[in-house]
There are 2 protein chains.
Amino acid sequence: MVRGKTVIERIENTTSRQVTFSKRKSGLFKKARELGVLCDAQVAVVLFSNTGRLYDYSNCNSGYARLTSDSY
Amino acid sequence: MVRGKTVIERIENTTSRQVTFSKRKSGLFKKARELGVLCDAQVAVVLFSNTGRLYDYSNCNSGYARLTSDSY
DNA sequence: GATGCTATATATAAATT
DNA sequence: TAATTTATATATAGCAT
(Lines give C-alpha, C1' and ligand atoms only; values in the text may rest on other atoms or scores of the structure.)
Protein backbone atom coordinates (compact mmCIF):
# COMPACT_ATOMS: atom_id res chain seq x y z
CA MET A 1 0.00 0.00 0.00
CA VAL A 2 2.86 2.34 0.51
CA ARG A 3 6.54 2.81 -0.14
CA GLY A 4 6.48 0.19 -2.85
CA LYS A 5 3.32 -1.53 -4.04
CA THR A 6 2.52 -4.64 -2.05
CA VAL A 7 2.72 -7.87 -4.01
CA ILE A 8 0.07 -10.35 -2.95
CA GLU A 9 2.13 -13.36 -2.05
CA ARG A 10 2.99 -15.14 1.19
CA ILE A 11 4.99 -12.97 3.59
CA GLU A 12 7.98 -15.10 4.55
CA ASN A 13 9.15 -13.07 7.55
CA THR A 14 7.24 -14.38 10.56
CA THR A 15 7.06 -11.09 12.43
CA SER A 16 5.90 -9.14 9.39
CA ARG A 17 3.35 -11.80 8.60
CA GLN A 18 1.89 -11.64 12.11
CA VAL A 19 1.77 -7.84 12.08
CA THR A 20 0.08 -7.83 8.70
CA PHE A 21 -2.39 -10.48 9.83
CA SER A 22 -3.40 -8.42 12.84
CA LYS A 23 -3.80 -5.19 10.86
CA ARG A 24 -5.67 -6.73 7.96
CA LYS A 25 -7.90 -8.78 10.24
CA SER A 26 -9.04 -5.53 11.88
CA GLY A 27 -9.60 -3.96 8.48
CA LEU A 28 -11.57 -6.94 7.20
CA PHE A 29 -13.83 -7.07 10.26
CA LYS A 30 -14.45 -3.34 9.99
CA LYS A 31 -15.43 -3.67 6.33
CA ALA A 32 -17.69 -6.59 7.21
CA ARG A 33 -19.40 -4.57 9.91
CA GLU A 34 -19.90 -1.60 7.59
CA LEU A 35 -21.37 -3.78 4.86
CA GLY A 36 -23.81 -5.29 7.33
CA VAL A 37 -25.03 -1.90 8.53
CA LEU A 38 -25.07 -0.03 5.22
CA CYS A 39 -26.79 -2.77 3.26
CA ASP A 40 -28.87 -4.42 5.97
CA ALA A 41 -27.09 -7.71 5.30
CA GLN A 42 -26.08 -10.63 7.47
CA VAL A 43 -22.34 -11.15 7.57
CA ALA A 44 -20.02 -13.80 8.95
CA VAL A 45 -16.24 -13.84 8.66
CA VAL A 46 -14.08 -16.66 10.01
CA LEU A 47 -10.29 -16.71 10.00
CA PHE A 48 -7.69 -19.21 11.05
CA SER A 49 -4.21 -17.78 11.36
CA ASN A 50 -1.39 -20.02 10.24
CA THR A 51 -0.73 -20.70 13.93
CA GLY A 52 -4.19 -22.29 14.05
CA ARG A 53 -5.90 -19.60 16.09
CA LEU A 54 -9.56 -18.79 15.33
CA TYR A 55 -10.95 -15.28 14.88
CA ASP A 56 -14.42 -14.39 13.77
CA TYR A 57 -16.93 -11.63 13.26
CA SER A 58 -20.64 -11.87 12.73
CA ASN A 59 -23.65 -9.60 13.02
CA CYS A 60 -26.31 -12.27 12.99
CA ASN A 61 -27.69 -15.08 15.11
CA SER A 62 -28.82 -17.62 12.61
CA GLY A 63 -27.60 -19.78 9.73
CA TYR A 64 -23.88 -19.93 9.24
CA ALA A 65 -23.18 -17.54 12.03
CA ARG A 66 -24.88 -19.87 14.47
CA LEU A 67 -22.89 -22.78 13.11
CA THR A 68 -19.68 -20.95 13.87
CA SER A 69 -20.65 -19.85 17.33
CA ASP A 70 -21.89 -23.34 18.22
CA SER A 71 -18.51 -24.74 17.31
CA TYR A 72 -16.30 -23.24 19.98
CA MET B 1 -15.78 7.70 0.92
CA VAL B 2 -16.03 10.64 -1.36
CA ARG B 3 -17.94 13.84 -1.89
CA GLY B 4 -19.03 13.86 1.72
CA LYS B 5 -17.87 11.34 4.30
CA THR B 6 -20.04 8.24 4.38
CA VAL B 7 -22.03 7.73 7.56
CA ILE B 8 -22.30 4.08 8.50
CA GLU B 9 -26.04 3.60 8.74
CA ARG B 10 -28.62 1.71 6.70
CA ILE B 11 -28.96 3.03 3.13
CA GLU B 12 -32.66 3.60 2.66
CA ASN B 13 -32.70 3.95 -1.13
CA THR B 14 -33.07 0.46 -2.56
CA THR B 15 -31.03 1.04 -5.69
CA SER B 16 -28.18 2.69 -3.83
CA ARG B 17 -28.21 -0.06 -1.23
CA GLN B 18 -27.93 -2.76 -3.89
CA VAL B 19 -25.15 -0.93 -5.71
CA THR B 20 -23.24 -0.45 -2.49
CA PHE B 21 -23.76 -4.10 -1.53
CA SER B 22 -22.35 -5.27 -4.83
CA LYS B 23 -19.34 -2.97 -4.71
CA ARG B 24 -18.48 -3.60 -1.06
CA LYS B 25 -19.00 -7.35 -1.42
CA SER B 26 -16.34 -7.35 -4.13
CA GLY B 27 -14.04 -5.30 -1.93
CA LEU B 28 -14.56 -7.54 1.08
CA PHE B 29 -13.88 -10.72 -0.88
CA LYS B 30 -10.75 -9.19 -2.36
CA LYS B 31 -9.47 -8.24 1.09
CA ALA B 32 -10.27 -11.72 2.34
CA ARG B 33 -8.34 -13.30 -0.52
CA GLU B 34 -5.34 -11.02 0.06
CA LEU B 35 -5.27 -11.80 3.77
CA GLY B 36 -5.31 -15.51 3.02
CA VAL B 37 -2.39 -15.28 0.63
CA LEU B 38 -0.25 -12.74 2.46
CA CYS B 39 -0.59 -14.37 5.87
CA ASP B 40 -1.04 -18.00 4.90
CA ALA B 41 -4.39 -18.04 6.70
CA GLN B 42 -7.64 -19.85 6.11
CA VAL B 43 -10.50 -17.49 5.41
CA ALA B 44 -14.26 -17.83 5.03
CA VAL B 45 -16.73 -15.02 4.40
CA VAL B 46 -20.47 -15.55 4.16
CA LEU B 47 -23.02 -12.87 3.30
CA PHE B 48 -26.76 -12.80 3.04
CA SER B 49 -28.13 -9.78 1.24
CA ASN B 50 -31.34 -8.36 2.60
CA THR B 51 -33.10 -10.04 -0.31
CA GLY B 52 -31.99 -13.35 1.20
CA ARG B 53 -29.41 -14.23 -1.40
CA LEU B 54 -26.23 -16.03 -0.31
CA TYR B 55 -22.72 -15.06 -1.34
CA ASP B 56 -19.51 -16.52 0.00
CA TYR B 57 -15.78 -16.70 -0.37
CA SER B 58 -13.35 -19.18 1.07
CA ASN B 59 -9.82 -20.33 0.39
CA CYS B 60 -9.94 -23.55 2.39
CA ASN B 61 -11.52 -26.99 2.32
CA SER B 62 -11.95 -27.82 5.95
CA GLY B 63 -13.55 -26.61 9.14
CA TYR B 64 -16.08 -23.81 8.80
CA ALA B 65 -15.50 -23.49 5.09
CA ARG B 66 -16.61 -27.07 4.61
CA LEU B 67 -19.67 -26.43 6.73
CA THR B 68 -20.67 -23.60 4.45
CA SER B 69 -20.05 -25.45 1.22
CA ASP B 70 -21.90 -28.52 2.49
CA SER B 71 -24.94 -26.38 3.12
CA TYR B 72 -25.96 -25.39 -0.38
C1' DG C 1 -31.01 -1.35 -12.87
C1' DA C 2 -26.07 -2.14 -14.21
C1' DT C 3 -21.50 -0.29 -15.40
C1' DG C 4 -17.57 2.95 -15.88
C1' DC C 5 -15.34 7.08 -14.18
C1' DT C 6 -12.97 10.21 -10.84
C1' DA C 7 -12.44 12.75 -6.71
C1' DT C 8 -11.72 11.77 -2.24
C1' DA C 9 -11.88 8.85 2.01
C1' DT C 10 -9.79 4.95 3.96
C1' DA C 11 -6.42 1.28 4.74
C1' DT C 12 -2.03 0.08 5.50
C1' DA C 13 3.57 -0.95 4.73
C1' DA C 14 7.39 0.75 6.34
C1' DA C 15 9.64 3.66 9.46
C1' DT C 16 9.95 5.36 13.88
C1' DT C 17 9.63 5.46 18.77
C1' DT D 1 8.05 -6.73 20.72
C1' DA D 2 4.20 -3.38 20.54
C1' DA D 3 2.25 1.24 19.45
C1' DT D 4 2.32 5.37 16.61
C1' DT D 5 3.18 7.97 12.53
C1' DT D 6 3.16 9.01 7.73
C1' DA D 7 3.49 8.43 2.92
C1' DT D 8 1.14 6.21 -0.48
C1' DA D 9 -1.84 2.50 -2.48
C1' DT D 10 -6.47 1.09 -2.59
C1' DA D 11 -11.53 1.34 -2.12
C1' DT D 12 -15.51 3.53 -3.12
C1' DA D 13 -19.72 7.44 -3.23
C1' DG D 14 -21.77 10.06 -6.29
C1' DC D 15 -22.27 10.96 -11.12
C1' DA D 16 -22.78 9.99 -15.79
C1' DT D 17 -24.09 6.76 -19.14
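Basis for what follows: all heavy atoms, side chains included, without hydrogens, waters or symmetry-related copies. In what follows, every chain begins at residue 1, and chains take the letters A, B, ... in the order their sequences are listed.
The side chain to side chain contact (heavy atoms under 4.5 Å, CB included) check on A/Lys30 picks up A/Arg33, A/Glu34, with sequence neighbours excluded. Listed by chain and number, the residues in a salt bridge (Lys or Arg N to Asp or Glu O under 4.0 Å) with B/Glu9 amount to none (sequence neighbours excluded).
Nucleic acid contact for A/Thr20: sugar-phosphate only, since backbone atoms but no base atoms lie under 4.0 Å from a heavy atom of the residue.
Atom pair A/Glu34:CD and D/dA11:P shows a separation of 14 Å (rounding to whole Å applied). The CG atom of B/Asn13 sits 12 Å away from the C1' atom of D/dG14 (whole-angstrom rounding).
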So which protein N/O to nucleotides 15-17 of chain C N/O distances come out below 3.5 Å?
none

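A heavy-atom distance below 4.5 Å is found between the side chains of B/Asn50 and B/Arg17. No side-chain heavy atom of A/Asp56 sits under 4.5 Å from any side-chain heavy atom of A/Leu47.
For the pair B/Val19 and B/Lys25, nearest-nucleotide mapping onto DNA chain D gives the more 5' position to B/Lys25. When the nearest nucleotides of DNA chain C are assigned to B/Gln18 and B/Leu38 by heavy-atom distance, the more 5′-ward of the two goes with B/Gln18.
Here the rule is ring-ring contact (aromatic ring centres under 6.0 Å, His included) with A/Tyr55, and of A/Phe48, A/Phe21, A/Phe29 only A/Phe21 fits it.
Taking side-chain N and O atoms only, B/Lys31 has a distance below 4.0 Å to OP1 or OP2 of C/dT12. Taking 4.0 angstrom as the limit, B/Lys5 places none of its side-chain polar atoms (N or O) nearer than this to OP1 or OP2 of C/dT8.
With distances taken from any side-chain atom of A/Arg24 to the nucleotides D/dA13, C/dT12, C/dT3, the minimum falls on C/dT12.
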